2 protein chains.
Amino acid sequence: MAIEMNPIGYVRTDVKKLPRHWSISDAEGTLEIDEKYRDGLTDIEAGQRIIVLFNFHQSSPFNDSYLRMTPPHRSREMGVFSICSPIRPNPIGLSVVEVLAAEGTTLRVRHIDMRDGTPILDIKPYIEGRHDCPSYTEPETPSS
Amino acid sequence: MAIEMNPIGYVRTDVKKLPRHWSISDAEGTLEIDEKYRDGLTDIEAGQRIIVLFNFHQSSPFNDSYLRMTPPHRSREMGVFSICSPIRPNPIGLSVVEVLAAEGTTLRVRHIDMRDGTPILDIKPYIEGRHDCPSYTEPETPSS
């Protein structure tokens with residue numbers, strides 16, 4: 001049974017030649033989020049890193065020939081789940097971007113690798129490691 | 001226009017009381033990937049950290065009352081895009097897990113926070129920071 005997703009907004013950028021991956025990108029653009037999700041953007045502030053999940057909306061449909069591919073700058077084939085290929089069984093992309101400014105439903109961000117018009121599926125807090133979840137606090141240690 | 005996703009496999013675990021988030025979880029389980037994606041699992045090995053995208057298949061449908069929520073252990077409401085709530089506009093979850101063993105289409109992993117039967121949407125390499133993409137190599141510096 002298929003799972004249906006709907007865009008929460010779109011990426012806008014006038015950078016024409018985007019780097020292949022956020023980890024090597026200094027490109028800037030905006031995340032234009034739908035007005036109906038405005039309140040959900042509370043707490044996103046300049047200086048934060050956030051995770052953006054998006055749809056590779058211009059990628060070819062996946063087929064078996066994309067199960068192993070040779071990424072750019074590599075000399076051998078690798079499995080699709082070990083590389084950042086936009087042609088995947090489910091065409092979901094993930095980028096970690098830095099918020100430069102948050103104004104209403106527009107987030108200005110740096111390090112993008114998504115094309116202008118890319119549908120955004122979700123935004124999540126960037127959690128580096130263990131015990132770093134915003135809703136986590138250390139359990140109280142019993143006083144003895 | 002809705003975007004359709006289909007599970008690439010399912011999470012299996014016999015842990016009944018799962019931690020709320022991977023960053024505080026030592027729970028173990030397996031990712032059982034569909035046979036047709038076997039070749040895509042090439043290069044996933046014990047010791048690696050991987051990103052698992054999955055569907056919050058048992059979460060309530062999203063509505064406006066979930067735009068701001070008070071997470072467990074917090075004393076104030078936060079925007080849905082700044083917290084790890086499973087009730088989101090698009091019910092996609094993200095966990096970073098450690099591979100304990102990779103055998104065929106079964107990955108044994110630690111740090112799971114997904115329930116038994118959770119549909120898996122994608123697996124991606126865990127990329128910590130800049131210039132860390134598996135397909136990236138530093139450009140050659142011109143010899144002078």
Side-chain angles (χ1 to χ4, degrees), chain A residues 1-8 20-24 33 36-44 48 50-51 53 55 57 64 66-68 71-74 77-84 88-92 94 96 111 119 121-125 127-137, chain B residues 1-8 20-24 33 36-44 48 50-51 53 55 57 64 66-68 71-74 77-84 88-92 94 96 111 119 121-125 127-137:
Chain A
M1 196 187 61
I3 301 154
E4 288 203 353
M5 307 277 175
N6 289 284
I8 62 165
R20 199 174 25 76
H21 194 259
W22 62 265
S23 65
I24 54 170
I33 306 302
K36 68 182 168 190
Y37 299 122
R38 174 183 287 264
D39 281 356
L41 295 168
T42 314
D43 301 301
I44 297 185
Q48 291 176 353
I50 56 175
I51 292 175
L53 300 182
N55 176 225
H57 66 306
D64 285 359
Y66 297 108
L67 282 169
R68 290 160 58 104
H73 307 286
R74 284 272 174 157
E77 282 191 341
M78 296 180 73
V80 65
F81 301 123
S82 291
I83 61 176
C84 308
R88 322 182 65 77
N90 288 304
I92 310 176
L94 182 161
V96 180
H111 307 317
L121 300 176
D122 199 4
I123 296 174
K124 293 180 184 295
I127 292 174
E128 199 125 11
R130 289 172 67 71
H131 295 192
D132 197 25
C133 181
S135 59
Y136 179 78
T137 48
Chain B
M1 197 186 63
I3 301 154
E4 288 203 352
M5 307 277 175
N6 289 284
I8 62 166
R20 198 173 25 76
H21 194 259
W22 63 265
S23 64
I24 54 169
I33 306 302
K36 67 183 169 190
Y37 299 122
R38 174 183 287 264
D39 281 357
L41 295 169
T42 314
D43 301 301
I44 296 185
Q48 290 176 351
I50 55 175
I51 291 175
L53 300 182
N55 175 225
H57 65 307
D64 285 359
Y66 297 107
L67 283 169
R68 291 161 56 103
H73 305 287
R74 285 272 174 156
E77 282 191 340
M78 296 181 72
V80 66
F81 300 122
S82 292
I83 60 175
C84 308
R88 321 182 66 77
N90 288 303
I92 310 176
L94 182 162
V96 180
H111 306 316
L121 300 176
D122 199 5
I123 296 174
K124 293 180 185 295
I127 293 174
E128 199 124 12
R130 288 171 69 70
H131 296 191
D132 198 24
C133 181
S135 60
Y136 180 79
T137 49

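Because the structure is a prediction, the values reported are computed rather than measured. Here is how names work: the chains are called A, B, and so on, in the same order as the sequence lines, proteins then strands, and each is numbered from 1.
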Next item on the list: Identify the two heavy atoms, one from Y37(B) and one from P89(A), that lie closest to each other, and give their separation to 0.1 Å.
Entry: CE2-CG, 3.6 Å

Notebook entry, point to check: Using non-hydrogen atoms only, which part of I44(A) is less than 4.5 Å away from chain B: side chain, backbone, both, or neither?
Noted result: both

Note to self: For N55(B), which atoms come within 4.5 Å of any heavy atom of chain A: side chain, backbone, both, or neither?
What the structure shows: side chain

Check: Do the side chains of L53(B) and M5(B) get nearer than 4.5 Å, heavy atoms only?
Finding: no

Notebook entry, point to check: Sub-3.5 Å donor-acceptor pair from the side chain of N6(A) to the main-chain atoms of N90(B), do we have one?
Noted result: no

Next item on the list: With sequence neighbours left out, write down each residue that passes salt bridge (charged side-chain N to carboxylate O under 4.0 Å, His left out) with D122(A), or none if nothing qualifies.
Entry: K124(A), R88(B)

Check: Which residue out of V80(B), D43(B), D64(B) racks up the most heavy-atom pairs below 4.5 Å with chain A?
Finding: D43(B)

Note to self: Counting heavy-atom pairs under 4.5 Å with chain B, which one of L94(A), I51(A), T42(A), L41(A) comes out on top?
What the structure shows: T42(A)

